[in-house]
Amino acid sequence: MSLPVPVCTSGPFSWSDGRGRAIIVGSLTPHSGGSMAKGITKRSDDYSQWYIDVVLKGEMADYSPVKGCMVIRPNGYGVWENIQRNLDRMFKETGHVNAYFPMLIPESFLKKEAEHVEGFAPECAVVTHAGGKLLEEPLVIRPTSETIIWAMYKNWINSYRDLPILINQWANVCRWEMRTRLFLRTTEFLWQEGHTAHATHEEAEEETYKMVHVYKTFAEEYLAMPVIAGKKTDQEKFAGALHTYCIEAMMQDGRALQAGTSHHLGQNFAKAFDVKFQDAEKNLTYVHASSWGVSTRLIGALIMTHSDDNGLVIPPKLAPLPVVFVPIWRNDDEKATVLGRAREITADWDPLFFKIDDRDQYKPGYKFAEWEVKGIPIRIEIGPRDCQNNEVVVVRRDTSEKITMPMNGLITNLRKLLEDIQANLFNVAKHRLDTHTRDCVSYEEYVANVEEGGFYRIHWCGDRACEDRLKEETRSTIRCIPFDAPEESGVCMLCGKPSSRRVIAAQAY
RNA sequence: CGGGGCGUGGCGCAGCCCGGUAGCGCACCUGCUUUGGGAGCAGGGGGCCGCUGGUUCAAAUCCAGUCGCCCCGACCA
């Protein structure tokens, strides 16, 4: 798969990473000025090393002394704060409230739901000692909070008048994974988990469906990352759920990344924790549940969707710092003039919107490179010449385009430009997704191509056996059954049995 | 758990084969000159060479253990 990808100002290109995987690049070539990105592996040379380099050089995160854990640095945490702020608003606008449940969960709680314990037991960290003594009952560090939350809901729910409960929490969780990757899969990670309780199956279903669409909207509007929303296969669903909905994104190397999930838990947890309510007709019934979450993995998704060989590219809506001024001077007089004008221009601006990089110890070129690697959406160069002409040079991170703008009314033009950048990032990513999603009929064709990345729309009979075979033979999985997949009769790509709609299959992170 | 790589000033590495008491680049500090794409020169500070044991007059170097980290695969958001 090496379909051309149009970009804004430079030519389309696509290349291989030397292991046969196509690197699908929707961003820009390095601009004039030679090799900019010191110490960043090119995507074409080694995509996964590129990702690590970008995360570290962009100061998003750093490795911690404990294997599999990471420190989220201010640049990365700033993105997370923006994700939180915007998502949190969307949750509250849909009627949810925040609460906080404890991190330590009695081990016995985890065991109450059979499928749940089976799914999570292997990856739980367990506290056995505390206060210098062996604990009577070990405490599990939450891998997710369903059990502790439902143990509490039991106390809070008596009547249909107590329902629905629409609680979200922002928290850390711990899952002992075999292999970790910065942001994408770490031992401890930050996330939000919504846990709702409803009187009926239909209400819980409506909630589950609604929240996956909140995620889709958020991913597309804020992360500028197009996603495919759909339903997971039974094999891929959450441990303890009736079914799981998800959003799936495509990274620049064509691999799929699950970016958010929403589970319809049915009455499984209500039964496990004996949570019943009395309805209007005086019947005692088990409560229906949903849970849904996104994590700091979104930051990894963001990076792998937009960043380039020069470093991070952060969408304006989530950038901790949207605009940076790099003043240029040759002597103290010029320094005074240039800084004076910069401060004058920005006098009534929101201080969180911009920064004037007046550090003395670095030359402008150094600063350009630094802010570039950190993914700041807009850099403004302001020097003596600009001051004379009452203008500034504005450079956008996504295309490297330099635009001269008058000092007068600058903020208005910048806001417009930030919107353009946001839209452009989405459009480039959307085009990549569209052009690298293709119908596939024959298994031979699939096997021959799937290694190169991209999404494949295939017919699947729905049998577990075919799904297992696909995974076994191609190291790819059925990512989801898209909500918008049209009814279409066909035959299963693997076994030839009838199928009524296509599913998305791909190699995934 | 398998495969690969690596542990030497803050970071990246050389030195190890052929033992002789540690070096380079970046970063850092001081000063001067510089400043529109990662500045130059001069001077300076900083390392029980991952850990333990062994061989030896002498170990970063040889031997035996051991611990840790990263990358690639099997599980997962």
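Because the structure is predicted, anything quoted here is derived from the model rather than measured.
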- Message: Rounding to an integer number of Å, can you tell me how far A:Glu59 CD sits from B:C11 C1'?
- Response: 12 Å
- What heavy-atom pair brings A:Phe238 and A:Thr144 nearest, and what distance separates the two atoms? CZ-CG2, 4.4 Å
- Provide the distance between the two P atoms, one in B:A22 and one in B:G45, to the nearest whole Å. 15 Å
- Quick one: label A:Val294 by what it contacts on the DNA or RNA (base, sugar-phosphate, nothing), any heavy atom closer than 4.0 Å. nothing
- Task: Determine the contact category for A:Glu381: base if any of its heavy atoms lies under 4.0 Å from a base atom, sugar-phosphate if only primed atoms, P, OP1 or OP2 are that close, otherwise nothing.
- Result: base
- Message: Classify A:Leu257 by what it touches in the nucleic acid, base, sugar-phosphate, or nothing, heavy-atom distance under 4.0 Å.
- Response: nothing
- Looking at every strand, decide which applies to A:Thr186 at a 4.0 Å heavy-atom threshold: base, sugar-phosphate, or nothing. base
- hbond_proxy A:Arg185 side chain to B:C76 base (donor-acceptor, 3.5 Å cutoff): yes
- Query: Reckon A:Lys402 touches a base, only the sugar-phosphate, or nothing at all at heavy-atom distances under 4.0 Å?
  - Reply: base
- Which of residues 113-122 of chain A sit near RNA chain B, with a heavy atom under 4.0 Å from it? none
- B:U8 versus B:A60 - spacing of their P atoms, nearest Å: 15 Å
- Task: Please lay out, stage by stage, how A:Glu220 and A:Lys216 fare under the test salt bridge (Lys or Arg N to Asp or Glu O under 4.0 Å).
- Result: CA-CA 6 Å; A:Glu220 302 195 334; A:Lys216 180 174 163 68; 3.2 Å; yes
- At under 4.0 Å between heavy atoms, what does A:Arg181 touch on the DNA or RNA strands: base, sugar-phosphate, or nothing? sugar-phosphate
- Item | Polar contact flag, side-chain donor to acceptor under 3.5 angstrom, A:Arg397-A:Asn310 | no
- Between A:Asn86 and A:Arg89, is any side-chain donor less than 3.5 angstrom from a side-chain acceptor? no
- Message: Please check: side-chain N/O of A:Arg396 versus main-chain N/O of A:Glu401, any donor-acceptor pairing under 3.5 Å?
- Response: no
- Query: A:Tyr63 side chain N/O closer than 4.0 Å to the phosphate oxygens (OP1, OP2) of B:C71?
  - Reply: yes
- Message: Wobble G-U and Watson-Crick pairs count when both distances are under 3.5 Å; given that, what is the 5' to 3' dot-bracket string of RNA chain B, with | for pairing to other strands?
- Response: ((((((((.[[[[.)....(..]]]].((((((.....)))))).....[[[[[..)....]]]]])))))))....
- Message: Using atom P in both nucleotides, what's the gap between B:G10 and B:C49 to the nearest angstrom?
- Response: 13 Å
- Query: Are side-chain N/O atoms of A:Ser476 and A:Gln507 paired as donor and acceptor at under 3.5 Å?
  - Reply: no
- Item | Contact under 4.0 Å: A:Lys363 side-chain N or O vs B:A39 OP1/OP2 | yes
- Message: Taking 4.0 Å as the cut-off, does a side-chain nitrogen or oxygen of A:Ser48 come that near to OP1 or OP2 on B:C72?
- Response: yes
- Note on the structure: Whole-Å distance, A:Asp62 CG to B:C69 C1', equals 13 Å
- With a 4.0 Å cut-off on heavy atoms, is A:Gln49 in touch with a base, just the backbone sugar-phosphate, or nothing at all? nothing
- Message: For a quick check, tell me whether the side chain of A:Glu372 and the base of B:G37 share a donor-acceptor pair closer than 3.5 Å.
- Response: yes
- Task: Could you tell me whether A:Asn331 contacts a base, only the sugar-phosphate backbone, or nothing, with contacts defined as non-hydrogen atoms closer than 4.0 Å?
- Result: nothing
- Has A:Lys471 got a side-chain N or O lying under 4.0 Å from the OP1 or OP2 atom of B:A74? no
